[in-house]
Amino acid sequence: MVFVKRRREKDIGWITVDRPDALNALNSNVLKELKVAADRMAADEKVSVVIVTGSGEKAFVAGADIKEMLGKTPLEMRSFTMLGHDAMNTIARMEKPVIAAVNGYALGGGLELALACDIRIASENTMLGVPEVKLGIFPGFGGTQRLTNVVGKGWAAEMVFTGRMVTAKEALSMGLVNKVVPLTDLTKEVKGLAGMIAKNGPIGVRLAKSAINMALEGSLTDGLAYERELVSLAFSTEDKEEGMKAFLEKRKANFKGK
Ligand code: CAA
């Protein structure tokens, strides 16, 4: 892998987009590597929580690669968009929780990548936006859908139609990011959050992610039916026995993911 680095620290898996010269812009190769990295994280049994970030101190990801896109025919752009959707969907649908450590510009496809993650923690220097209309196009890596799901139609429409960037603080006020911390504290913050999640019963967390995703994809009736089935499934696990007994015995649970 050239542009996307993967590493594991205990039970936390890191995926880093590493193309700092182009502010980590997403070209076809980056998108293919992102998908491979996400698939490998999903398959690594030692990884409980995944963190996605960008290389350097300036950008998380500054968007799809404009140089690569310029020469594309509509059909080539369609294939490129499929690559983008594939990478983002692989992250969004991964069973394990995924946190975006947003360490600077998150623009266009970069914000769409952060939106494919479950939780977004941003550094204070972060600027977020979907500036595609300034290029004569509009967000095409899931932004029209996932941004609307996260911040609601009013904010999404304003951000998409104006293309203006918002500060991390403004993003926090609209629910676009969960927390804002100084850049120097970002790694510690996301590791702490990942650690809190990793302590819990992994099957419960994964089933919960699947049920939460359903809230965005189906009706309330379907979502509640799905939730019922998954909660029942959670009752088939050893982790449920251990978690409940540990509570009653006033001790820490020792989850095995079984
Ligand atoms: N694609 C390709 N290259 C990019 C890029 C992008 N999205 N963003 C930045 N770069 C490159 C620049 O071309 C520049 O390269 P050179 O040194 O070779 O000239 C390098 O990264 C550094 O960028 P700047 O010199 O522009 O840095 P800056 O500090 O002056 O500005 C910025 C930073 C405000 C983020 C600015 O780079 C910028 O506006 N980038 C483009 C943001 C954008 O429009 N993103 C949306 C892309 S379209 C998209 O994502 C479509 C979709 O929905 C899928």
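All ligand and atom numbering here is 1-based and tracks the order in the structure. Owing to the predicted nature of the structure, the values given are computational and were not obtained by experimental measurement.
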Q | Under-4.0 Å salt bridge between D44 and R40 | A | no
Check your understanding: Has ligand 1 got any nitrogen or oxygen that is less than 3.5 angstrom from a nitrogen or oxygen of M69?
Key -> no
Taken to the nearest 0.5 Å, the spacing of E132 CD from I66 CD1 works out to 8.5 Å
| task | For atom 30 (O) of ligand 1, decide whether some protein heavy-atom distance is shorter than 4.0 Å. | result | no
So, is A25 polar-close to ligand 1, with some N/O to N/O distance under 3.5 Å?
no
Original post:
Side chains of P139 and V160: does their closest heavy-atom pair fall under 4.5 Å?
Top reply: yes
Note: heavy atom closest to atom 45 (N) of ligand 1, options A62, A106, A22, belongs to A62
Exercise. Counting only heavy atoms not in E124, do more than 12 fall under 6.0 Å of its CD?
Worked result: yes
Any protein heavy atom sitting closer than 4.0 Å to atom 21 (O) of ligand 1?
-> yes
- Any chance you could lay out the side chain to side chain contact (heavy atoms under 4.5 Å, CB included) test for R120 and L128, step after step, and finish with the verdict? CA-CA 12 Å; R120 286 157 290 285; L128 308 97; 5.9 Å; no
Can you confirm whether something in the protein, heavy atoms only, sits under 4.0 Å from atom 48 (S) of ligand 1?
yes
Could you walk me through whether V190 and T53 pass the side chain to side chain contact (heavy atoms under 4.5 Å, CB included) test, one step at a time? CA-CA 10 Å; V190 288; T53 196; over 6 Å; no
Exercise. With a 4.5 Å limit on heavy-atom distance, are the side chains of S210 and N213 in contact?
Worked result: no
Residues V30, V4; criterion side chain to side chain contact (heavy atoms under 4.5 Å, CB included); working and verdict: CA-CA 7 Å; V30 179; V4 177; 4.1 Å; yes
Filtering K58, R19, M127 for the heavy atom nearest atom 28 (P) of ligand 1 leaves K58
Closest to atom 1 (N) of ligand 1 among protein heavy atoms sits I66 N, 2.9 Å
Do the charged groups of E242 and K256 touch, with an N to O distance under 4.0 Å?
no
CZ of R7 to CD1 of I12, rounded to nearest 0.5 Å, is 10.0 Å
Exercise. Taking atom 42 (C) of ligand 1 as the reference point, report whether a protein heavy atom occurs under 4.0 Å from it.
Key: yes
G140 near ligand 1, heavy-atom distance under 4.0 Å? yes
Would D18 and T16 count as having a side-chain donor-acceptor pair, cut-off 3.5 Å? no
Atom 18 (O) of ligand 1 sits nearest the protein heavy atom K67 NZ, 3.5 Å
So the atoms of ligand 1 within less than 4.0 Å of a heavy atom of D21 turn out to be 20 (C), 21 (O)
Q | Sidechain N-carboxylate O distance under 4.0 Å for E170, R164 | A | yes
Ligand 1 to L107, heavy atom cutoff 4.0 Å, flagged ligand atoms 35 (C), 42 (C)
Check your understanding: Right, does atom 35 (C) of ligand 1 have protein non-hydrogen atoms nearer than 4.0 Å?
Key -> yes
Under 4.0 Å between heavy atoms, the region of L135 that gets near ligand 1 turns out to be side chain
Quick note on ligand 1: atoms under 4.0 Å from a heavy atom of D65 include exactly 1 (N), 2 (C)
Residues passing the ring-ring contact (aromatic ring centres under 6.0 Å, His included) test with F3, sequence neighbours excluded, are none
**Message:** Using a 3.5 Å cut-off on N or O atoms only, is A64 in polar contact with ligand 1?
**Reply:** yes
Atoms of ligand 1 under 4.0 Å from any heavy atom of G109, numbered from 1 in the order shown, are 49 (C), 50 (O)
Quick check on atom 26 (O) of ligand 1 - does any protein heavy atom sit closer than 4.0 Å to it?
no
Q. For atom 53 (O) of ligand 1, is some protein heavy-atom partner under 4.0 Å away?
A. yes
Open item on the list: With heavy-atom distances below 4.5 Å as the criterion, would you say the side chains of M69 and D65 are in contact?
Closed with: no
With sequence neighbours left out, the residues meeting side chain to side chain contact (heavy atoms under 4.5 Å, CB included) with V151 are L147, W155, A156, M174, L176
Counting from 1 in the order shown, the ligand 1 atoms closer than 4.0 Å to a non-hydrogen atom of P139 are 53 (O)
Honestly, for E112 the part within reach of ligand 1 (heavy atoms, under 4.0 Å) is side chain
closest protein heavy atom to atom 23 (O) of ligand 1 is L23 CD1, 3.6 Å
- [ ] Flag I137 as yes when one of its N or O atoms lies below 3.5 Å from any N or O atom of ligand 1, and as no otherwise.
- [x] no
Of all protein heavy atoms, the one nearest atom 44 (O) of ligand 1 is P131 CG, 3.5 Å
